[in-house]
Amino acid sequence: MTTQPARVQAPLAELGEGPVWLAAEQALYWVDIPAGLVHRLAADGSLTNWNVGQPVGAVVPRAGGGLVVAVRDGFMALDPATGAVTMLAAVEQDRPENRMNDGACDRAGRFYAGTMADDERPGAGTLYRLDPDLTVTTLVTGVSVSNGIGWSPDERLMYYIDSLTHQVDVFDYDPATGAIDGRRRFATVGEGDVVPDGLTVDSDGGVWVAVWGGSAVLRHDPDGRVRETLKLPAERVSSCEFGGPGLDRLYITTAAGPGEQAGALFVCEPGVTGQPGHPFRG
Ligand code: CA
């Protein structure tokens with residue numbers, strides 16, 4: 001495997017997003033948002049997908065088995081055996097022009113995911129937390145395009161991207177309660193149509209940010225400085241996540257648009273390892 005991103009044999013996505021590695025299955029899951037598809041790539045290269053019937057912004061494993069998806073209508077369970085989806089917690093049912101977007105679980109199994117308006121209207125989105133008891137808590141309002149979420153290795157910091165601000169922000173994080181506080185700027189990414197999208201935090205605390213419109217993934221040191229740039233043959237780079245048996249492969253999703261491999265899934269070995277992903281524990 002190369003240190004530079006190479007294409008993985010998988011279908012081109014309209015808007016590939018939300019890669020997540022399931023160690024128990026040694027499989028990668030990701031979504032194609034407008035297509036309503038959840039994709040799975042097994043270690044032997046075999047592919048499976050499920051159509052959840054509405055836009056899907058994120059997928060995470062569920063501790064008791066199966067998957068949880070953040071979709072247009074809220075948080076739903078997806079049974080991979082049957083493809084059936086069932087509502088766990090509705091979100092913004094009074095706002096049909098909004099849908100759920102990126103999300104991730106913390107170590108305690110709380111699922112954080114936000115919303116955005118289909119027309120990306122500024123301020124229309126909200127960041128939510130789904131707790132294991134299925135209660136939904138509003139964390140941040142006035143969000144434009146709620147995107148990447150990740151935690152420092154000691155779980156004292158939560159990184160968060162509202163794409164249209166061009167900022168990667170950071171909160172103080174209380175792992176005991178899941179509360180966030182003290183929002184501040186961690187890094188600024190891009191200008192104009194070039195914006196930060198998804199993110200993941202490696203085991204050394206480096207913050208990897210997918211740059212939508214920028215054909216790149218940036219690794220920031222914990223102090224916010226850019227340490228490394230990975231270039232992609234697709235302009236709309238949407239998200240990234242570590243996977244593989246040693247958590248040393250960085251999987252990168254992209255969307256249709258400019259670039260000869262737009263919409264492809266990529267992988268590389270950048271020389272560091274990721275943190276293990278966490279399931280929803282509800
Ligand atoms: Ca995104």
Side-chain angles (χ1 to χ4, degrees), residues 12-21 28-39 52 54-60 68-72 75 91-92 98-105 111-128 139-140 143-151 158-169 186-187 189-190 193-201 207-218 220 230 232 234-242 250-259 262-266 277:
L12 291 175
E14 186 176 347
L15 175 44
E17 266 287 0
V20 58
W21 178 256
L28 183 80
Y29 286 75
W30 72 103
V31 300
D32 185 347
I33 295 177
L37 292 174
V38 175
H39 289 283
V52 302
Q54 55 177 299
V56 54
V59 58
V60 296
V68 180
V69 286
V71 295
R72 184 191 56 214
F75 296 97
V91 170
E92 297 181 4
N98 276 18
R99 66 166 171 84
M100 299 207 79
N101 199 36
D102 208 344
C105 289
F111 190 4
Y112 292 73
T115 58
M116 59 177 282
D118 288 326
D119 64 0
E120 301 188 0
R121 190 158 25 89
T126 301
L127 176 65
Y128 297 98
L139 298 179
V140 183
V143 176
S144 294
V145 178
S146 188
N147 252 316
I149 298 166
W151 290 266
M158 187 179 98
Y159 297 94
Y160 177 58
I161 291 171
D162 177 354
S163 289
L164 299 192
T165 67
H166 291 283
Q167 291 190 185
V168 182
D169 286 344
F186 169 72
V189 174
D193 292 338
V194 179
V195 298
D197 194 332
L199 72 79
T200 190
V201 184
V207 182
W208 298 76
V209 178
V211 187
W212 179 270
S215 307
V217 173
L218 305 177
H220 298 79
L230 300 175
L232 281 298
E235 196 175 277
R236 294 170 177 166
V237 185
S238 53
S239 192
C240 55
E241 180 70 22
F242 285 90
L250 186 69
Y251 287 95
I252 302 163
T253 51
T254 68
L265 174 71
F266 296 88

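Numbering of ligands and ligand atoms starts at 1, following listing order.
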Item to complete: Go through the side-chain N and O atoms of Thr253 and Glu17 and say whether any donor and acceptor fall under 3.5 Å apart.
Response: no
Worksheet entry | Check: Ser146/Asn101 side-chain N/O donor and acceptor closer than 3.5 Å | no
Worksheet item: Taking the six-membered ring for Trp, are Trp151 and Tyr112 parallel (under 30°), tilted (30 to 60°) or perpendicular (over 60°)?
Response: perpendicular
Worksheet item: Take atom CG in Asp119; do more than 12 heavy atoms of anything else shown fall under 6.0 Å from it?
Response: yes
Worksheet item: Side chain of Asp162, backbone of Val145: donor and acceptor closer than 3.5 Å?
Response: yes
Discussion item. Do His39 and Leu265 make a side-chain contact, defined as non-hydrogen atoms from C-beta onward lying under 4.5 Å apart?
Written reply: no
Worksheet item: Which residues and atoms, protein N, O or S only, are under 3.0 Å from the Ca ion (ligand 1)?
Response: Glu17 OE2, Asn147 OD1, Asp197 OD1
